[in-house]
Amino acid sequence: MSDTPDDLRYASTHEWARLDDGGVVVGISDYAQDALGDVVYVELPEVGQEVQAGEEIAVVESVKAASDIYAPVGGVVEAINEALDDGPEIVNQDPYGDGWFFQITPDDETQLEELLDAEAYAEQCAAEQH
Amino acid sequence: MLEQIGVDSIAALFEEIPAELRIGASPSIGPGEAMSEMAMLRWMGERAERDAGLVCFAGAGCYDHHVPAAVWDIAGRGEFMTAYTPYQAEASQGTLQLVFEYQSMMCALTAMDASNASVYDGASGLAEAILMAVRKAARKSRSRRVLMAETLHPHYRDAARNIVANQGVEIETLPMAGGRCELKRLPDDGAFAALVLQQPNFFGLLEDADRLTDWAKGHGAAVIGVVNPLTLSVLKPPGQWGESGADIACGDGQPLGAPMSSGGPSFGFICAKAPLTRQLPGRIIGQTEDAAGRVGYSLTLQAREQHIRRGKATSNICTNQGLLVTAAAVHMALMGAQGLAAAAAASRANTLRLVERLTAIDGVRPLFPGPFFHECALALPKPAPEVLDTLLDRGVLGGVSLAKHFPELGNALLVCATEKRSAEEIDTYAKALAEILR
Amino acid sequence: MSTIFDLSQPGRNAAAQCADLDGAALARLPEAALRAASPALPEVSELQAVRHYTNLSARNFSIDSQFYPLGSCTMKYNPRGAHRAASLSGFLGRHPLAPERASQGFMECLFALQEILKEVTGMAAVSLTPMAGAQGEFAGVAMIRAYHRARGDLERREILTPDAAHGTNPATAVMCGYTVREVAVDGNGDVDLDALKAAVGPQTAGLMMTNPSTCGVFERQAVQIAQVVHDAGGLLYYDGANLNAILGKVRPADMGFDVLHLNLHKTFATPHGGGGPGAGPVGVGERLLPHLPVPVVAQHEGGYRWLTEDDVPGTIGRLSAFAGNAGILLRALAYALMLGRTGMDRVSDFAVLNAAYLATRLKAAGFELAYPNRAATHEFILTLAAQAKAHGVSAMDFAKRLLDFGMHAPTTYFPLLVPECFLIEPTETECREELDRFVDAMIAIAEEAERDPEHLRTAPHNLPVGRLDDVKAARDLKLRWTPG
């Protein structure tokens with residue numbers, strides 16, 4: 001059973017989001033990193049890029065799959081996790097911590113509330129496994 | 001076998017096909033009675049023979065170079081020729097290592113960081129290069145405009161435009177003056193995803209690649225250099241153009257070991273600077289190791305490809321031109337940098353000689369000023385198609401008429417004499433032309 | 001094994017290939033256009049190069065040395081006569097822009113091939129120019145788009161594909177500016193007709209499919225599918241990947257297809273060459289005739305001439321610098337000439353017989369067929385899900401172990417919807433003894449899976465390298481040789 005921390009919000013496309021000092025930090029869930037297998041590359045957005053909620057702004061690649069990462073909220077990309085360039089395996093090792101992807105300054109924080117809570121997301125993952 | 005399957009005839013194996021769709025018992029399809037190998041070779045041989053024997057002074061993207069005897073002895077080995085795409089890496093180390101060596105050689109020639117394992121040909125490869133640049137721009141300027149030199153091979157311009165047409169890419173033309181890109185007409189109206197230039201260009205002339213590159217980079221556009229790999233043994237590689245180099249080098253690999261063969265199969269190459277590596281279409285080979293630490297090679301970055309990424313793949317390409325890449329790797333290994341440079345220089349020497357002899361004829365002159373490499377456009381006193389037709393009767397393929405694609409250039413003919421052309425052949429051509437124009 | 005670069009010694013060369021450099025010829029070139037330092041290509045003798053690449057060739061499987069039961073790829077033996085014919089010096093030495101008057105022999109060959117492919121497929125016209133199956137697909141879908149556009153029907157933005165389709169189909173549709181909608185395949189490998197009816201509409205540009213399908217079975221409702229798509233105003237695209245199963249038996253035009261491509265390197269006699277080249281001619285019905293890619297050969301005043309943009313104003317245009325992979329087209333013609341009328345349908349006879357025999361024997365040996373109620377076509381699918389569950393060995397492990405037995409692995413993990421699948425296509429050129437040997441190997445490996453599954457998981461054991469670390473290859477990208 002994969003880990004879904006209660007303090008995060010989740011997109012049905014397997015991103016997690018955390019409001020952190022006015023910014024929304026985004027990564028992929030433990031379930032997603034496990035399903036992908038060994039992550040070999042993460043293509044990140046540009047700092048300063050304006051994004052819409054639901055827009056494809058990053059790609060995470062394993063040997064056998066590549067998945068688009070969607071912006072869970074609209075806003076401006078404030079920071080990206082450059083450590084993933086040389087260490088994509090961090091996504092597998094610590095998906096909710098050092099394996100974060102990017103941080104967005106949201107246009108509208110309340111967009112976060114449209115995402116799933118941990119319980120609903122865990123249910124979705126359980127359904128996908130069957 | 002039928003007994004084991006449990007049917008009494010082969011026809012019974014096709015019973016799931018609805019009867020109304022099936023062709024009747026004696027199919028009317030097919031080319032007639034079966035030929036033996038001997039009869040087929042005679043039939044094909046008669047037709048091959050009918051077109052043979054012309055001394056070739058045509059270039060325009062396909063060149064009559066010498067191919068060392070060992071090249072196709074090796075590439076034609078069943079172990080290379082009848083192998084499958086190297087998806088099962090452990091059973092394909094021969095092909096995989098060879099392509100890795102090929103990628104290394106192409107990176108050396110173009111001064112780029114990464115090469116793919118080939119695309120179909122130079123023209124379709126240019127389309128792929130344009131799409132790479134547009135994808136890259138999607139993250140920055142979001143421009144889908146591409147500026148393409150008018151001095152690019154017209155077939156490349158057409159094919160590239162046709163292939164990218166449905167993806168919202170706008171292609172604009174950078175006009176020429178005197179057969180080269182007109183620098184003062186470089187546009188000043190907004191962003192471009194890429195600038196495409198050919199070096200040497202379609203007319204064999206040398207562009208000011210440094211200045212064009214610097215202009216493009218200054219305007220946030222990627223630079224795509226369409227190049228002849230043989231000439232890169234002598235000319236500045238795209239990776240070193242201008243202050244920071246072109247971003248993508250592409251072109252046709254035919255001068256590296258492929259016979260002219262009516263223009264195909266040859267292969268297209270695409271090389272790129274590191275930041276564009278993941279935008280490369282098609283297969284790429286990487287070095288890795290097995291559990292015991294032995295070095296091996298496998299297809300890598302496959303998540304970009306159609307069999308995994310489907311609708312979001314970098315390209316739909318699947319089959320490429322593997323066997324021609326095999327020939328090219330052997331060709332480059334045999335020739336070395338020095339051998340390629342010698343062939344390039346000899347081709348240029350022969351073309352200089354040819355141009356000198358032909359322009360000694362009344363009414364024949366170089367169409368453009370300025371240095372050419374191993375092709376040259378000439379102005380004739382008569383329509384080029386007519387002249388070429390008459391030359392055929394004297395056993396000479398005298399070049400390529402520019403009438404169709406550049407009618408504004410008048411009676412223009414593009415000629416080329418590779419290292420294979422002897423002094424006697426060049427003299428024969430000059431004599432024939434003199435007589436025809438007399 | 002060392003690379004050719006490791007063998008390099010400064011100043012060494014293959015003397016016969018390396019004329020004296022004519023420095024004078026380069027003298028009048030501008031300094032700025034010249035390269036500062038020679039490219040770092042290997043410096044080896046002719047013998048070193050020949051020996052190196054000969055030794056490398058021994059590290060390959062190939063049809064000449066191994067059996068390749070690779071579903072959807074049709075790895076058959078291709079007669080050497082076809083190779084010889086295409087390698088005649090008159091063909092190899094022809095410049096692509098030689099005038100028509102000096103090209104009548106070559107053009108007669110292309111015209112003959114166009115006519116043969118028209119007859120085999122039932123289509124109204126054929127263009128030989130696409131250089132591989134995927135480019136043929138591109139040409140086909142681009143023609144569908146041109147057709148709708150020419151009619152002012154601009155709202156058709158969607159291409160349908162069965163969810164079992166090959167990845168090139170959706171990738172092609174996107175290259176042509178379409179979005180893709182997948183249609184489910186039912187438990188017997190047929191397209192779900194109700195799902196198709198629900199998916200079509202005024203947005204449907206066309207449907208891409210192959211028959212036999214990628215599930216290795218004949219799509220029995222082909223005619224009904226065509227009806228549904230045509231009624232919605234869409235066109236039907238036939239992916240010729242699996243033509244080997246129906247050559248001389250059924251013509252795609254009779255199944256209602258409007259446009260198709262053929263993989264000449266699968267069905268018509270070109271060896272795979274370690275990844276190509278191929279050729280992907282396209283055939284069209286009357287409706288798409290105005291959009292055919294150029295150049296095409298036409299008869300004219302007792303000879304032949306090229307049709308270009310001027311003759312076919314609605315064309316999707318040229319897709320390559322010249323006229324496609326001419327050498328591959330000549331091989332296909334030579335092959336067709338040797339098959340003749342009577343040989344053409346014997347290709348599918350024996351392709352299907354071999355597949356049915358192999359399926360029967362593997363089933364008897366305890367392997368599970370993915371579509372047990374269906375007849376094998378030229379290929380069929382095994383699912384190794386039971387072995388995976390019982391012994392923790394995957395289809396990949398089976399595949400790698402087969403290599404140790406001197407046989408290439410079947411296609412694994414395609415189509416994606418069958419778990420742990422083996423897509424097996426023996427082709428018509430293998431004899432019964434070879435098929436039996438494959439069954440024996442499969443039985444031996446299944447027994448090994450029970451006894452010593454780890455031996456499968458770490459296979460192959462008898463090849464130049466063991467299973468390679470694909471994760472390392474992708475994380476620590478090394479795409480070219482560097483010194484040291």
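Letters A, B, ... are given to chains in the order of the sequence lines, protein chains preceding strands, and every chain is numbered from 1.
At least one donor-acceptor pair closer than 3.5 Å links the side chain of Asp290(B) to the backbone N or O of Ala292(B). Judged by distance alone, with hydrogens and angles left aside, the side-chain atoms of Gln287(B) form no donor-acceptor pair with the main-chain N or O of Gly296(B) at under 3.5 Å. A distance-only check finds no donor-acceptor pair linking the side chain of Asn325(C) to the backbone of Pro277(C) [under 3.5 Å]. Between the side chain of Gln17(C) and the backbone N or O of Met335(B), no donor-acceptor pair lies under 3.5 Å. Distance alone, capped at 3.5 Å, is enough to place a donor-acceptor pair between the Asn60(C) side chain and the Thr95(B) backbone. Between the Asp345(C) side chain and the Lys249(C) main chain, no donor and acceptor come within less than 3.5 Å of each other.
Between Tyr178(C) and Arg145(C) the shortest side-chain heavy-atom distance falls below 4.5 Å. Contact of the Ile163(B) side chain with the Met175(C) side chain is registered, since non-hydrogen atoms from C-beta on lie closer than 4.5 Å.
Contact of Val234(B) with chain C is made through backbone and side chain together, with heavy-atom distances under 4.5 Å. Gln135(C) touches chain B through backbone and side chain together, each having a heavy atom under 4.5 Å away. With a 4.5 angstrom heavy-atom cutoff, Ala173(C) does not touch chain B via any of its atoms. For Met255(C), the parts sitting under 4.5 Å from any heavy atom of chain B are the backbone and the side chain alike. At a 4.5 Å heavy-atom cutoff, the contact between Thr277(B) and chain C is made by side-chain atoms alone. Looking at Phe80(B), both its backbone and its side chain come within 4.5 Å of chain C, counting heavy atoms on both sides. In this structure, chain C has a heavy atom under 4.5 Å from the backbone of Ala291(B), while its side chain stays farther away. Of the two parts of Tyr84(B), the backbone and the side chain both hold a non-hydrogen atom closer than 4.5 Å to a non-hydrogen atom of chain C. For Val180(C), no part lies under 4.5 angstrom from a heavy atom of chain B. If you measure heavy-atom distances from Leu397(B) to chain C, the contacts under 4.5 Å come from the side chain alone. Only the side chain of Asn13(C) comes within less than 4.5 Å of a heavy atom of chain B; its backbone N, CA, C and O stay farther away. Of the two parts of Thr300(B), only the side chain, counted from C-beta on, holds a non-hydrogen atom closer than 4.5 Å to a non-hydrogen atom of chain C. Contacts between Leu352(B) and chain C at a heavy-atom distance below 4.5 Å involve the side chain alone, from C-beta outward. Looking at Leu403(C), the atoms closer than 4.5 Å to chain B (heavy atoms on both sides) all sit in the side chain, from C-beta outward. In this structure, chain C has a heavy atom under 4.5 Å from the side chain of Pro371(B), while its backbone stays farther away. Both the backbone and the side chain of Glu46(C) come within contact range of chain B, with heavy atoms under 4.5 Å apart. Both the backbone and the side chain of Leu92(C) come within less than 4.5 Å of a heavy atom of chain B. When heavy atoms are compared at a cutoff of 4.5 Å, Asp113(B) approaches chain C by way of both its backbone and its side chain. Contacts between Leu109(B) and chain C at a heavy-atom distance below 4.5 Å involve backbone atoms as well as side-chain atoms. Both the backbone and the side chain of Cys62(B) come within less than 4.5 Å of a heavy atom of chain C. Of the two parts of Met1(B), the backbone and the side chain both hold a non-hydrogen atom closer than 4.5 Å to a non-hydrogen atom of chain C. Only the side chain of Arg283(B) comes within contact range of chain C, judged by heavy atoms closer than 4.5 Å. Using a 4.5 Å cut-off between heavy atoms, Phe91(C) contacts chain B through both its backbone and its side chain.
Of the listed residues Gly311(B), Ala341(B), Ala39(B), the one with more heavy-atom pairs under 4.5 angstrom with chain C than any other is Gly311(B). Of the listed residues Arg161(B), Gln97(B), Glu419(B), Gln338(B), the one with more heavy-atom pairs under 4.5 angstrom with chain C than any other is Gln97(B). Ranked by heavy-atom pairs shorter than 4.5 Å toward chain B, the options Asn78(C), Ile246(C), Leu88(C), Val465(C) are led by Val465(C). Chain B forms the most heavy-atom pairs under 4.5 Å with one residue out of Ala40(C), Ala375(C), Ala376(C), Ser38(C), and that residue is Ala375(C). With respect to chain B, the highest number of heavy-atom pairs below 4.5 Å among Gly167(C), Ser348(C), Ala49(C) belongs to Gly167(C). Highest contact tally toward chain C, considering only Ile10(B), Leu340(B), Asp73(B), Leu334(B), is held by Leu334(B) [criterion: heavy-atom pairs under 4.5 Å]. Between chain B and the options Ala326(C), Gly274(C), Gly81(C), Ala14(C), the largest number of non-hydrogen pairs under 4.5 Å is found for Gly274(C). When the candidates Gly336(B), Pro265(B), Pro259(B) are compared by the number of heavy-atom contacts under 4.5 Å with chain C, Pro265(B) comes out ahead. If you tally non-hydrogen atom pairs under 4.5 Å between each of Met1(C), Glu309(C), Arg12(C) and chain B, the highest count goes to Met1(C). With chain B as the partner, the residue from Ala323(C), Ser320(C), Ala399(C), Pro464(C) showing the most heavy-atom pairs under 4.5 Å is Ser320(C). Of the listed residues (Met44(B), Met35(B), Glu101(B), Arg50(B)), the greatest number of heavy-atom pairs within a distance under 4.5 Å of chain C belongs to Glu101(B). Contact count versus chain C (heavy atoms, under 4.5 Å) is highest, among Ala70(B), Gly78(B), Ala165(B), for Gly78(B).
If you take CZ on Phe138(C) and OG on Ser315(B), they are separated by 10.0 Å, rounding to the nearest 0.5 Å. Interatomic distance, CG of Leu13(B) versus CG of Asp349(C), reported as 8.5 Å (0.5 Å rounding).
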Problem set entry | Working for salt bridge (Lys or Arg N to Asp or Glu O under 4.0 Å), residues Asp210(B) and Lys236(B) | CA-CA 10 Å; Asp210(B) 294 332; Lys236(B) 186 188 281 184; 2.9 Å; yes
Exercise. Glu16(B) and Arg374(C): salt bridge (Lys or Arg N to Asp or Glu O under 4.0 Å), yes or no, with the steps?
Worked result: CA-CA 8 Å; Glu16(B) 284 199 359; Arg374(C) 301 298 308 273; 2.5 Å; yes
For this session: Take Tyr68(C) and His272(C) through the test ring-ring contact (aromatic ring centres under 6.0 Å, His included) and record every step on the way to the result.
Result: CA-CA 12 Å; Tyr68(C) 272 69; His272(C) 263 67; 8.6 Å; no
For this session: Verify salt bridge (Lys or Arg N to Asp or Glu O under 4.0 Å) between Asp389(B) and Arg101(C), making sure each step is shown before the conclusion.
Result: CA-CA 8 Å; Asp389(B) 192 62; Arg101(C) 183 156 79 82; 2.8 Å; yes
Problem set entry | Derivation of the salt bridge (Lys or Arg N to Asp or Glu O under 4.0 Å) call for Arg84(C) and Glu37(B) | CA-CA 10 Å; Arg84(C) 171 81 63 86; Glu37(B) 180 180 286; 5.9 Å; no
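A salt bridge does not link Arg294(B) with Glu289(B): none of the charged nitrogens is closer than 4.0 Å to a carboxylate oxygen.
Figure legend: cation-pi geometry between Arg47(B) and Phe106(C) absent, as NZ or CZ is not positioned both under 6.0 Å from the six-membered ring centre and within 45° of its axis.
The aromatic rings of Tyr297(B) and Phe100(B) sit tilted, their planes meeting at an angle between 30° and 60°.
Donor-acceptor pairing under 3.5 Å is recorded for the side chains of Ser65(C) and Ser62(C). In this structure, a donor-acceptor pair under 3.5 Å is absent between the side chains of Gln88(B) and His408(C).
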